[in-house]
Amino acid sequence: MSIHDLRSLDEAEALFPPRSLPAGAEVLRIAPSPTGFPHIGTAMQTVLNRALADKTGGIFIVRIEDTDRARLVNGAEEAVMAALDWLGIPPDEGPNQPGDYGPYRQSERLPLYRLAAEHLTQLEKAYHCFCPPERLEKLRQEQMAAGHNPRYDRHCLALPQAEIRSRLAAGEKSVIRFRAPEDGPISFVDEVRGPISFDADRVDDPILLKADGYPTYHLAALVDDHFMRVTTVIRGEEWISSTPKHIALYRAFGWEIPRFLHTVILRDAQRRKLSKRSGDTSLRWFQAQGYLPEGFRNFLTRLLWPHPEEKDIYPLEDFVRLFNVRNLPRTGPVVDAQLLDFINGHYLARLNPEAMRLACADYLACLEKTPDAGPASSREVDIAAFRRELESNPGYARKVFALEPERNRKLADIFVNNGFFFEATLKSATREQLLKYAQTPDQGVRLLEAMRDLLAVSLPEQEAWETGMRGLAEAAGLKPKPVFMMARLALTGSEKTPPLYAIMEILELGRVRERLGLASQTLKQNFA
RNA sequence: GUCCCCAUCGUCUAGCCGGCCCAGGACAACGGCCUCUCACGCCGUCAACGGGGGUUCAAAUCCCCCUGGGGACGCCA
């Protein structure tokens, strides 16, 4: 028996029987629509769903809500699933994890929605509506101008059966609308906010089935939640005002109403709902910045929940074990990049050099595929060459990443913090940089060459080298700092680096001498 | 316009079944220590209960109003 053989809702009940799960087990779902790259909000929902499912021994489902054919984006479903993959949060059931309650793509469940709509129509709880969109739009505007809540005027509610049949037969476009209850309060208990109630007259007659035969969210999500035996509907706060609509529908079907949990929606720095305008909020962007999945997950839970010991860094298990639905926040948190960086930095620093090397290689491979998503610092370098260099000399890369790993807060930082260790990303010191510390080009050249002489045969012991450098400074009538800075610039092209001696040990004598020579060449050139 | 949700430092928040709070922690910022630079680390500083009414011996904590912010009002989800 498949969904296509179904003749009634009763048969569907039999096809999708109640799940046999331990008491208290929650069946949860996220319902992304494949209209673009998945969003940080989707990731937050995912973490929360997974955590609650794990906490209660339940099930976490991914359901693709692809009922809007106009906004459908090619490859978006793959992007959603790839993002969840990257996040490291696998669903128990979904388009790629078939289960007994599938299919998990709404476009493949159309017969079910049609059956549901017909069922309500027969009960006279739904009706055909032939009103063209233009009429509805005009109506809406008039109502709002008059200071009323816009709602359908039920123009088609009382159409005679015969007329409906003939217009349908003539091929006239129509939709099916729910006949919403006229009066009485509709209330529900939100799992995080407590009781919320609306007047029934707030509920418009929502369209259930569109003219193209596809269901709207209201019908599709509700039917699926019912037949997938979802116990708690977790969704963003923006759905609160639609909930009475859904409650009324559940009642019309005579179905058990699930629990509702409306999460906060994430805000940007202006406290607006996070959107395209707030900058890139797609998971792809966070990945391309080089956030680690575990760091990103920690950040997400941190936004949802204060650790009882007031920690910022904690394993996901702590969240699963200790969080409580009632303590979820009610005010939309601002996505704070500084906090994310701080948290991610901890995870990055904790990686051993080999894990770091692997993470970098993966990261660069990802940037190679989507170079436009990468940070500015990555755009000017040959990513492929950088990756080959990392992979061709793992021992060297490990030494590099063992040096002050806490400098990097996200993988993108390697371009500036570790770039000088690799040919593909090296930027040599400029004349201007060097002349900040040398009083004259001539003096700079003499110092750089003297430094090279200190390293004529081998790298001396650290103390001996430093004494030598200080001696150079004294002889030139300079403080030690400018001399060290010239060496730093010559070796790295940067003024902010780890300690020089450690850098020289990794670079090794040949390259150190080479770079010192190169820098003095730079000073000699343009020596007007 | 109508309805709904929310309200403690710049940010995330603890506290909220009233006194232990002239409000605690973390991020950020700033200052200092360390030092060949930067980062890390350590020490320190700045910084909030939106306003007004109640209730009470006592309110960040309870109630009401205002204000502010957010969200929803689609053949989008």
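Chain letters run A, B, ... following the sequence lines, proteins first, then strands; residues in each count from 1.
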Trainee: Can you tell me if A/Arg140 touches the phosphate of B/G74, counting only side-chain N or O atoms and a distance under 4.0 Å to OP1 or OP2?
Mentor: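 Looking at the OP1 and OP2 atoms of B/G74, one of them is under 4.0 Å from a side-chain N or O of A/Arg140.
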Trainee: Which nucleotide in the list B/C6, B/C36, B/C4 gets nearest to the side chain of A/Gln462?
Mentor: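 Output: B/C36.
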Trainee: Taking any heavy-atom pair under 4.0 Å as a contact, classify A/Pro150: base, sugar-phosphate, or nothing.
Mentor: base
Trainee: What is the separation between atom OH on A/Tyr437 and atom C1' on B/U37, rounded to the nearest whole Å?
Mentor: 7 Å
Trainee: Could you tell me the separation between the CG atom of A/Asp341 and the P atom of B/C12, rounded to a whole number of Å?
Mentor: 16 Å
Trainee: On a whole-Å scale, what distance lies between the C1' atoms belonging to B/C46 and B/G10?
Mentor: 12 Å
Trainee: Hey, does A/Glu466 reach any base, or is it just sugar-phosphate, or nothing, if we go heavy atoms under 4.0 Å?
Mentor: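 Result for A/Glu466 = base.
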Trainee: Show the distances under 3.5 angstrom between N or O atoms of the protein and N or O atoms of nucleotides 27-31 of chain B.
Mentor:
residue	atom	partner	partner atom	Å
B/A28	OP1	A/Arg409	NH1	3.4
B/A28	O2'	A/Gln338	OE1	3.4
B/A28	O2'	A/Gln338	NE2	3.2

Trainee: Tabulate protein N/O versus nucleotide N/O from nucleotides 43-50 of chain B, keeping only pairs under 3.5 Å, one per line.
Mentor:
none

Trainee: When the ring planes of A/Phe319 and A/Trp305 are compared, do they come out parallel, tilted or perpendicular, using 30° and 60° as the limits?
Mentor: perpendicular
Trainee: Would you mind classifying the nucleic acid contact of A/Pro499 as base, sugar-phosphate or nothing, using non-hydrogen atoms under 4.0 angstrom?
Mentor: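 It contacts base atoms.
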Trainee: Counting any heavy atom closer than 4.0 Å, what does A/Val334 reach on the DNA or RNA strands: base, sugar-phosphate only, or nothing?
Mentor: sugar-phosphate
Trainee: Under 4.0 Å between any heavy atoms, over every strand shown, what does A/Thr67 touch: base, sugar-phosphate, or nothing? Just pick one.
Mentor: sugar-phosphate
Trainee: For B/G41, what is the paired nucleotide under Watson-Crick or G-U wobble rules, both distances under 3.5 Å?
Mentor: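 Checking every strand shown, B/G41 finds its partner in B/C33, with both distances under 3.5 Å.
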Trainee: What orientation do A/Phe260 and A/His262 show, parallel under 30°, tilted 30 to 60°, or perpendicular over 60°?
Mentor: parallel
Trainee: Would you check if there is a donor-acceptor pair between the side chains of A/Gln106 and A/Asp224 at a distance under 3.5 Å?
Mentor: yes
Trainee: Have a look at A/Glu65 and say if it touches a base, only the backbone sugar-phosphate, or nothing, with a 4.0 Å heavy-atom cut-off.
Mentor: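 Counting heavy atoms under 4.0 Å across all strands, the contact made by A/Glu65 is with sugar-phosphate only.
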Trainee: Determine the interplanar angle of the A/His218 and A/Trp239 rings, folded into 0 to 90°, and report it as parallel if under 30°, tilted if 30 to 60°, perpendicular if over 60°.
Mentor: perpendicular
Trainee: Pick the P atom in B/A48 and in B/C5, then give their distance to the nearest Å.
Mentor: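 Looking at atom P only, B/A48 and B/C5 are 31 Å apart.
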Trainee: Answer with base, sugar-phosphate or nothing: what part of the nucleic acid does A/Thr216 contact at a heavy-atom distance below 4.0 Å?
Mentor: sugar-phosphate
Trainee: Separation of A/Leu304 atom CG from B/U11 atom P, in whole Å?
Mentor: 18 Å
Trainee: Have a look at A/Pro206 and say if it touches a base, only the backbone sugar-phosphate, or nothing, with a 4.0 Å heavy-atom cut-off.
Mentor: nothing
Trainee: Aromatic rings A/Tyr314 and A/His307: how do their planes relate, parallel, tilted or perpendicular, breaks at 30° and 60°?
Mentor: tilted
Trainee: Sort out the partner of B/A72 for me: Watson-Crick or G-U wobble, both distances under 3.5 Å, none otherwise.
Mentor: B/U2
Trainee: Across the strands shown, which category fits A/Arg71 at heavy-atom distances under 4.0 angstrom: base, sugar-phosphate, nothing?
Mentor: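 Here A/Arg71 touches the bases of the nucleic acid.
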Trainee: When you compare B/C62 with B/C17, how far apart are their C1' atoms, in angstrom units rounded to a whole number?
Mentor: 10 Å
Trainee: Rounding to an integer number of angstrom, what distance separates B/C6 and B/G54 when you compare their C1' atoms?
Mentor: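 Each nucleotide's C1' atom is 23 Å from the other's.
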Trainee: Donor-acceptor pair, distance only, cut-off 3.5 Å: does the side chain of A/Gln433 make one with the backbone of A/Gly493?
Mentor: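 Yes: the side chain of A/Gln433 pairs with the backbone of A/Gly493.
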Trainee: Sub-3.5 Å donor-acceptor pair from the side chain of A/Tyr501 to the main-chain atoms of A/Gln462, do we have one?
Mentor: yes
Trainee: With a 3.5 Å limit on both atom pairs, tell me what B/C27 is paired to, counting Watson-Crick and G-U wobble, or say none.
Mentor: B/G10
Trainee: Using atom C1' in both nucleotides, what's the gap between B/C27 and B/G70 to the nearest angstrom?
Mentor: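 Comparing C1' positions in B/C27 and B/G70 gives a spacing of 24 Å.
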Trainee: CD of A/Glu404 versus P of B/G41: gap in Å, rounded?
Mentor: 12 Å
Trainee: May I ask you to say whether A/Glu134 pairs ionically with A/Lys138, meaning some side-chain N is under 4.0 Å from a carboxylate O?
Mentor: no
Trainee: Students often get this wrong, so: under 4.0 angstrom with heavy atoms, is A/Arg302 touching a base, only sugar-phosphate, or nothing?
Mentor: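 Base, at least one base heavy atom under 4.0 Å.
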Trainee: If you look at every strand shown and take non-hydrogen atoms under 4.0 Å, does A/Ile196 touch a base, only sugar-phosphate, or nothing?
Mentor: sugar-phosphate
Trainee: What is the distance, rounded to the nearest whole Å, between atom CE of A/Met469 and atom C1' of B/U37?
Mentor: 12 Å
Trainee: If you look at every strand shown and take non-hydrogen atoms under 4.0 Å, does A/Met485 touch a base, only sugar-phosphate, or nothing?
Mentor: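 It contacts sugar-phosphate atoms only.
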Trainee: Partner of B/C20 by Watson-Crick or G-U wobble geometry, both contacts under 3.5 Å, or none?
Mentor: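 B/C20 is paired with nothing.
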Trainee: Which is true for A/Pro133 with a 4.0 Å heavy-atom rule: it touches a base, it touches only sugar-phosphate, or it touches nothing?
Mentor: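 The residue A/Pro133 makes base contact.
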Trainee: Just name whichever nucleotide pairs with B/A60, Watson-Crick or G-U, keeping both distances under 3.5 Å, else none.
Mentor: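 When the pairing criteria are applied, nothing turns out to pair with B/A60, so the answer is none.
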Trainee: At less than 4.0 Å, is any side-chain N or O atom of A/Lys479 found next to OP1 or OP2 of B/C36? Yes or no.
Mentor: no
Trainee: Using the P atom in both, what is the distance from B/G50 to B/G32, to the nearest Å?
Mentor: 34 Å
Trainee: Need the pair for B/C49. Rule: Watson-Crick or G-U wobble, both distances under 3.5 Å, any strand; none if unpaired.
Mentor: none
Trainee: Report which part of the nucleic acid A/Leu303 touches: base, sugar-phosphate, or nothing (heavy-atom distance under 4.0 Å, all strands).
Mentor: sugar-phosphate
Trainee: Mind checking the C1' distance from B/U55 to B/C64? Whole angstroms is fine.
Mentor: 11 Å
Trainee: Write down the distance separating the C1' atoms in B/A39 and B/C34, rounded off to the nearest Å.
Mentor: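 Pairwise C1' distance, B/A39 against B/C34, rounds to 12 Å.
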Trainee: Between atom CZ in A/Phe323 and atom P in B/U13, what is the gap in whole Å?
Mentor: 16 Å
Trainee: Whether A/Lys496 contacts B/C36 is assessed here as follows: a side-chain N or O lying under 4.0 Å from the phosphate OP1 or OP2. Is that the case?
Mentor: no
Trainee: What is the distance from CZ of A/Arg114 to C1' of B/C75, rounded to the nearest Å?
Mentor: 15 Å
Trainee: Dump every N/O contact between nucleotides 69-72 of chain B and the protein below 3.5 Å, one line per pair.
Mentor:
residue	atom	partner	partner atom	Å
B/G70	OP1	A/Arg272	NE	3.1
B/G70	OP1	A/Arg272	NH1	3.0
B/G70	OP1	A/Arg272	NH2	2.9
B/G70	O2'	A/Arg267	NH2	3.0
B/G71	OP1	A/Lys273	N	3.1
B/A72	OP1	A/Lys273	NZ	2.8
B/A72	O4'	A/Ser241	OG	3.2
B/A72	O2'	A/Ser241	OG	2.7

Trainee: Could you state the atom-to-atom distance from CD1 of A/Ile313 to C1' of B/G25 in whole Å?
Mentor: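 A/Ile313 atom CD1 is separated from B/G25 atom C1' by 14 Å.
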Trainee: Do NZ/NE/NH1/NH2 and the carboxylate oxygens of A/Arg105 and A/Glu108 come within less than 4.0 Å?
Mentor: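 Judged by the 4.0 Å cut-off on N to carboxylate O distance, A/Arg105 and A/Glu108 do form a salt bridge.
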